[in-house]
Amino acid sequence: MTNLPLPSPSPSRSFFTKLLHCTHHKNLKHAQTLHSQIIQTGSSSCPFIANPLVNLYAKCHRLTEAKLAFEEIKYKDAVSWNCLINAHSQLGGPQNSVSVMHLFRRMVKEANENDVYPNGHTFTGVFTAVPDLGKNPLGAGKQGHSLALAFGCGCDVYVGSSLVSMYCKLGLVCDARKVFDRMPERNSVTWVAMISGYAAQRLGGEAVRVFKLMVGVGEEGLNEFVLTSVLSAFAMPEFIASGKQIHCLGIKSGLLSVVAVGNAVVTMYGKCGSLDDAAKTFELLSGKNTISWSALITGFAQSGDSEKALEMFSKMNHSMVKPSEFTLVGVLNACSDIGATREGKQVHGSLVKLGFESQIYIRTAMVDMYAKCGCVADARKGFDFLQEPDIVLWTSMIGGYVQNGENEDALVLYGKMQIRGIFPNELTMASVLKACSSLAALEQGKQIHACVVKYGFSLEIPIGSALSSMYAKCGSLNDGNLVFRGMPTRDVISWNAMMSGLSQNGYGNEALELFEEMLSEGTKPDYVTFVNVLSACSHMGLVERGWIFFNMMSNEFHIVPRVEHYACMVDLLSRAGKLTEAKEFIESTPTEHGLCLWQILLSGCRNYRNYDLGAYAGEKLMELGSKESSAYVLLSSIYTVMGRRGDVERVRRMMNLLGLNKEPGCSWIEMKSQIHAFVAGDQMHPQDKQIRAEVQRLSKLITDEGYKPVFDLLSADLES
DNA sequence: GTAGGGTTAG
């Protein structure tokens, strides 16, 4: 009984067990030892040993070795092929996906010869690889789909699930749903694929229906994957109630303790704008990982609480959890939002240290951050760093120039992009159109309009708004209106753009009519709308209506007046000569707006030659430490007129002390796509002589018509 | 007794 000899395992059996064990532990060192032993014993051509070896290399991400081991197999069976195919599809990426398709074609081609045919395992690998194909993924997917049916794999749950997932990733949820509905058998993976497919397309309603279907069918598959995918479908404000229910379900089922589920809850609340709930859930998470922190930080940044986002980031740094590129994108966006240049630069430093520098999302966020913080040159450095910027990055850089008023550079960069043959998106077009508006570059604007048509963009928001605004701001109000009326839908920005075009070109009444039309169509005005309305009133001298609108803004629409609104009111009152009323109005507003508002009143006083009030406004500006040279010049002129020599001296001394100089006036005009700029006093233009002669001719003409220029003492002083 | 599908942060 005691000394029964144990049967010694056959060498192939022993290799087999060792290979499985080694695969489980992903032990590459041991794999190489085993491989050499297998070669020595001459079993490397036997599928029963070589297949697990191919798989072992695959799980260690060693595709070259896997391929070598595969090619050594003399009579490859289906498993040999599938191991290598899935090795590539699991690693993913365009390159590996192409390899999957090559291997698959070879397998099919040699099938009859070897009597080895693709099966369910093969098609799962193929369908997983399809979405990553750079060239015609849909064609490959459909072809694969029909082959799978031809090879009798249509009923396999794995094949079905991977098909659902494939169609979803290609954006064809309807095709995915067709496959889903026809599947004879489904499991939790199938449900998850379908639900997350809807979630990715932001079709929360469909996702709920599928989830309810699953619960109704009595599927037992409720697991952490299902919960996370459902939660991601509810990450929109309109689904917050459903999201809360799933949160409860997570608590009841105990699945909330899975960190991925907790993270999905945090994300869901963040995207719904319930940052309190997001933060509470986050606090209770056990085993917070980098995704948890990123979810919360991004949530704060996206809901506009960027200070809080930065605060959480600094807490994260103390918690010893390493930030990922996702975290840093969120933090950079927070920095852009509040113009936190110093923090942004710190993040730049740490992302270099962490090796995220060349990540495209990181680059885009960095370019955006530097541009929004006003450091366009740094933004450009970040842009130039990548040889192949994608369209989002091109667009951020172009948008960065526009935001900083460097519109010529924006157009130049857009030209470079066109030469590189890069297809713009709607935001690119909107940015370059905005650049044209600011430059009043009608000709270039028209060319871009032609591109909009050529590229097949519609007049949807934001292109429609940008285009109508471009025409309006360039003075082509009819074309602006034509585009505006042709837009399929209009949001408050579209209305604002058209109104501002009208009002800037002296069509104040039409702007106000448009405002009435906007209200009657049920679009809620925002603060910009009221800036437009008030400035229209100011241009038209409509004091009474100005007051009505100013009061309507806070009383009816609960919009807190900003400095722009106060400025419009002061401008309106000053232009109308109601200078004392303007002064009293300024004194009733929050003091931090003084610098802007007193300056407006000062100009008003100049026009009406109210020297006492002008001096009062000027003194206020000096007290507040104004850096506007024109304020000091005007004030000293006023004192000159009033004969107060001592005060003139005092103002001039202050001006010198602050190092302020009179800024020369300048203007420009675009002719035949070229911009001609003029600065007061310069004689740089090649046709300077002719231009001056023409100005003299025109001056004489209008003087003869009876025009008398006003040369009061103030403007005389200004000219000196 | 070898091989396959799904979730969370931009």
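Note on naming: letters A, B, ... go to the chains in the order of the sequence lines (proteins, then strands), and numbering restarts at 1 for each one.
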Any A/Lys271 side-chain nitrogen or oxygen under 4.0 Å from OP1 or OP2 of B/dG10: yes
query: How is A/Phe16 classified with respect to the nucleic acid when contacts are heavy atoms under 4.0 Å: base, sugar-phosphate, or nothing?
result: sugar-phosphate
- request: Give one of base, sugar-phosphate or nothing for A/Val157, where a contact means two heavy atoms less than 4.0 Å apart.
  value: base
Any A/Gln302 side-chain nitrogen or oxygen under 4.0 Å from OP1 or OP2 of B/dA9: no
message: Between the base of B/dG5 and the side chain of A/Asn187, is one N or O donor paired with an acceptor at under 3.5 angstrom?
response: yes
message: Rounded to whole Å, how long is the line connecting atom CD1 of A/Ile85 with atom P of B/dG5?
response: 13 Å
- prompt: Hey, does the side chain of A/Lys76 come within less than 4.0 Å of B/dA3's phosphate (OP1/OP2), counting only N and O?
  reply: no
- prompt: If you look at every strand shown and take non-hydrogen atoms under 4.0 Å, does A/Asn86 touch a base, only sugar-phosphate, or nothing?
  reply: sugar-phosphate
query: What nucleic acid atoms does A/Val230 come within less than 4.0 Å of, heavy atoms only: base, sugar-phosphate, or nothing?
result: nothing
task: Could you check how far CZ of A/Phe127 sits from P of B/dA3, rounded to whole Å?
output: 21 Å
message: According to a cutoff of under 5.5 Å between the ring centres and under 30° between the ring planes, does A/Phe326 stack with the base of B/dG10?
response: no
query: Nearest to the side chain of A/Val329, which nucleotide is it out of B/dT7, B/dG10, B/dA9?
result: B/dG10
query: Does a side-chain N-to-carboxylate-O contact under 4.0 Å join A/Asp384 and A/Lys381?
result: no
task: Take atom CG of A/Leu249 and atom P of B/dT7, then tell me their distance rounded to the nearest Å.
output: 19 Å
query: Is the base of B/dG4 touched by the side chain of A/Thr124 through a donor-acceptor pair closer than 3.5 angstrom?
result: yes
Summary of salt bridge (Lys or Arg N to Asp or Glu O under 4.0 Å) pairs that have at least one residue in residues 72-95 of chain A, sequence neighbours excluded: A/Glu71-A/Lys76
field: Shortest side-chain distance from A/Ala260, nucleotide among B/dA3, B/dT7, B/dA9
entry: B/dT7
field: Sugar-phosphate only, base, or nothing, as touched by A/Gly120 at under 4.0 Å among non-hydrogen atoms
entry: base
- prompt: Do A/Trp394 and A/Phe383 pass the ring-ring contact (aromatic ring centres under 6.0 Å, His included) test, and can you show the C-alpha distance, the side-chain angles, and the key distance before you say yes or no?
  reply: CA-CA 8 Å; A/Trp394 281 98; A/Phe383 175 82; 5.0 Å; yes
- prompt: Considering residues, nucleotides and ligands other than A/Tyr117, do more than 12 of their heavy atoms fall under 6.0 Å from its OH?
  reply: yes
Out of B/dT8, B/dT2, B/dG4, whichever nucleotide has its closest atom nearest the side chain of A/Tyr158: B/dG4
query: Hey, are A/Asp276 and A/Lys280 close enough for a salt bridge, meaning a charged N less than 4.0 Å from a carboxylate O?
result: no
field: Atom-to-atom span, CG of A/Asp368 to C1' of B/dG10 - whole angstrom
entry: 12 Å
message: If I take atom CG in residue A/Leu19 and atom C1' in nucleotide B/dG1, what distance separates them, rounded to the nearest angstrom?
response: 14 Å
task: Look at the side chain of A/Ser188 against the base of B/dG6 and say whether a donor-acceptor pair falls under 3.5 Å; ignore hydrogens and angles.
output: yes
message: If you compare every side-chain N and O of A/Gln90 against the phosphate oxygens of B/dG4 (OP1, OP2), does one of them come in below 4.0 Å?
response: yes
statement: The nucleotide from B/dA9, B/dG4, B/dG6 with an atom nearest the side chain of A/His121 is B/dG4
Atom CZ of A/Arg106: over 12 foreign heavy atoms under 6.0 Å: yes
message: Could you check whether the side chain of A/Tyr361 and the base of B/dG10 have a donor-acceptor pair of N or O atoms closer than 3.5 Å, going by distance alone?
response: no
message: Is A/Asn55 close enough to B/dA3 that one of its side-chain N or O atoms is under 4.0 Å from OP1 or OP2 there?
response: yes
task: Ignoring backbone atoms, establish whether A/Lys59 has a side-chain N or O less than 4.0 Å from OP1 or OP2 of B/dG4.
output: yes
query: In whole angstroms, how far is the C1' atom of B/dT7 from the NZ atom of A/Lys169?
result: 11 Å
message: Walk me through whether A/Phe104 and A/Trp81 qualify under ring-ring contact (aromatic ring centres under 6.0 Å, His included).
response: CA-CA 8 Å; A/Phe104 176 65; A/Trp81 286 99; 9.7 Å; no
task: Scan A/Asn119 against the nucleic acid and name what it touches under 4.0 Å (heavy atoms): base, sugar-phosphate only, or nothing.
output: base
- request: Answer with yes or no whether A/Ser161 presents, from its side chain, a donor or acceptor under 3.5 Å of a partner atom in the base of B/dG5.
  value: yes
query: Is there a donor on the side chain of A/Asn333 or the base of B/dG10 sitting less than 3.5 Å from an acceptor on the other?
result: no
query: Which nucleotide sits closest to the side chain of A/Thr267: B/dG5, B/dG10, B/dA9?
result: B/dA9
Nearest-Å distance for atom pair CD/P, residues A/Glu325 and B/dG10: 12 Å
query: A/Ser80 near the nucleic acid: base, sugar-phosphate alone, or nothing, with a heavy-atom cut-off under 4.0 Å?
result: nothing
Spacing between A/Met183 atom CE and B/dG6 atom P, to the nearest angstrom: 13 Å
